[in-house]
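Please read the structure below before turning to the comments.
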Amino acid sequence: MTETLLEVKNLHKTFDHAEVLKGVSLSVMPGEVVAIVGPSGAGKTTLLRCLNMLERADAGELVFDGEHYDPAGFGRREASKLHKKTGFVFQDYNLFANKTAMENVTLGLTSGRGMNRHKAEEIAAEMLRKVGMEEKSDRFPLHLSGGQQQRVAIARALAADPKIIYFDEPTSALDPELTGEVLEVIRKLKDSGITMMIVTHELSFARDVSTRMIFMEEGSIIEEGNTREFFADPKNERTRAFIGMNVDGTEKEEQ
Amino acid sequence: MNVWQLLIESFPRIILPGLAMTVPLTIFAFALALVIAVITAVIVYADVPVLAYIARIYIWMIRGTPLLVQLMVGYYGPSAFGIKPNGFVVAVIVFAINEGAYCAETIRGCMEGVSKGQLEAGYCVGLSYPKIMIHVILPQAFRAAFPALFNSMISMVKDTSLASNITVTEMFLATRQIAGRTYQFLPLYLEVAFIYLMFSTILELIQRRGEKRLGRYDRDVAGS
Ligand SMILES: Nc1ncnc2c1ncn2[C@@H]1O[C@H](COP(=O)(O)OP(=O)(O)OP(=O)(O)O)[C@@H](O)[C@H]1O
Ligand SMILES: [Mg+2]
């Protein structure tokens, strides 16, 4: 029997009087790929950041991998414990600017987890190969395209063998012709069985890669469900409107 | 005595104290200043309780008072307790404390300039705050601060002439002594000016080389 990997209850967050998360609850089973979609300002980024303790929530409960965390009152030690088990891919990559692609991947392993350099480089080389960046492992981020940087960022997130990887709009900072290479990498990750939670504006990609969809609006989850059902038969009026606006009809019917 | 002869004869007598006092004073003081600056900058950047407050007072007091006065206080302060301090040691310490305050602000400013995303990415790969400082934030801040720090150092080479006021026989005092004996003020002061210029020029060359080396990750090396 598998245990729930992530369970969050009643997550609240307010930014200067604006309630951005209005009591969000959700849970994720190991191996699931959850795509979160919704209009701009819905609170998707904030949710992801609160789940990974990059942002302090105002209230809520978080259980991850069988352990309780306090998403509102955590300290550095508690956050660090969580970060050892998760990976995060940012919209604007955030590769360490002073480190090569290789060093970006090894740093967390050596300095964060005390792994010896040789072993870390072995793992990093393998991760960079997975994302097709092994040839450019000694380049600095500035000398990589956005798509290449994002692929290195994914390798970095993968390196420590996390239980889940969060993606916050991994392709929205990219030129359209570069999104494909990054989406392809994520698609391949799905096949390797890793649990992922992906915020994205690319509905067709979400539909293609996810096992479950979550639709958020104005700080609440409006609808969630199995990806196939979500697209074939959205229950909520707003979900239907959102899907209708973002995917054209032909695409909606296939599969 | 012919002026040219005087200049040639006095040259070693000026440059030797330069090499024996001005250069070591600058090197020791600046190295110590950098240590003070990094610690202070990190304390203020991280807003460490109490310490950040003390650090701000330190910066405020040092920047708000003349270096010459600080040297005097450093030299005559211990005398009040019956200790006769060594002028060179006092100079190193006072210059370090003075320069440390300015460099702290330079470095802190550059740390603030490193994007928050770098810190967050550090957390996300499992690094502790100190490790992120050491491996990510400080190296980037240093790269950005490098020209300004060198600027401070070049400035300091010249400021060391103030140490003559606390019995340190550096280049300027040596020059003054010769000028007092020979009454050839202008040629000798021009000579010492030239030697300061030489020292500064050497530093500028080092700066240029250093910037090239550090430039690796934020300058475009075509086709690399
Ligand atoms: N640090 C912050 N301070 C103040 N307000 C914030 C902050 N971060 C987010 N917000 C506000 O919270 C709301 C939700 O933001 P969030 O970034 O979570 O939305 P999103 O669903 O990710 O939107 P998008 O699709 O545009 O990325 C927005 O109104 C935003 O302005
Ligand atoms: Mg967002």
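So that the names make sense, note that chain A is the first sequence line, chain B the second, and so on, each numbered from 1.
- In plain terms, the two heavy atoms of N94(A) and A121(B) that are nearest each other are O-CB, 3.4 Å.
- Within 6.0 Å of OH in Y53(B) there are 12 or fewer heavy atoms belonging to other residues, nucleotides or ligands.
- The shortest distance between side-chain heavy atoms of V125(B) and L107(A) does not fall below 4.5 Å.
- For the pair Y123(B)/M53(A), no side-chain contact is recorded, criterion being any heavy-atom separation below 4.5 Å from C-beta on.
- No more than 12 heavy atoms of other residues, nucleotides or ligands lie within 6.0 Å of CD in E135(A), so this atom counts as exposed by the packing criterion.
- Other residues, nucleotides and ligands place more than 12 heavy atoms under 6.0 Å from the CE atom of M198(B).
- Atom OG1 of T110(A) and atom CG of L127(B) lie 8.0 Å apart (nearest 0.5 Å).
- Within the 4.5 angstrom heavy-atom criterion, only backbone atoms of L95(A) (N, CA, C, O) approach chain B.
- Residue S111(A) touches chain B through both its backbone and its side chain, counting heavy-atom pairs closer than 4.5 Å.
- No side-chain heavy atom of Y166(A) sits under 4.5 Å from any side-chain heavy atom of C124(B).
- For K163(A), the NZ atom sits in a loose shell: 12 or fewer heavy atoms of surrounding residues, nucleotides or ligands are nearer than 6.0 Å.
- Interface residue F96(A): backbone and side-chain heavy atoms are both found under 4.5 Å from chain B.
- With hydrogens and angles disregarded, a donor-acceptor distance shorter than 3.5 Å links the side chain of N98(A) to the backbone of H135(B).
- Heavy atoms of other residues, nucleotides or ligands lying less than 6.0 angstrom from CZ of F194(B) number 12 at most.
- Heavy atoms closer than 4.5 Å to chain B are found in the side chain of R49(A), but not in its backbone.
- The number of heavy-atom neighbours closer than 6.0 Å to OH of Y58(B), taken from other residues, nucleotides and ligands shown, is above 12.
- Surrounding NZ of K9(A) are at most 12 heavy atoms belonging to other residues, nucleotides or ligands under 6.0 Å away.
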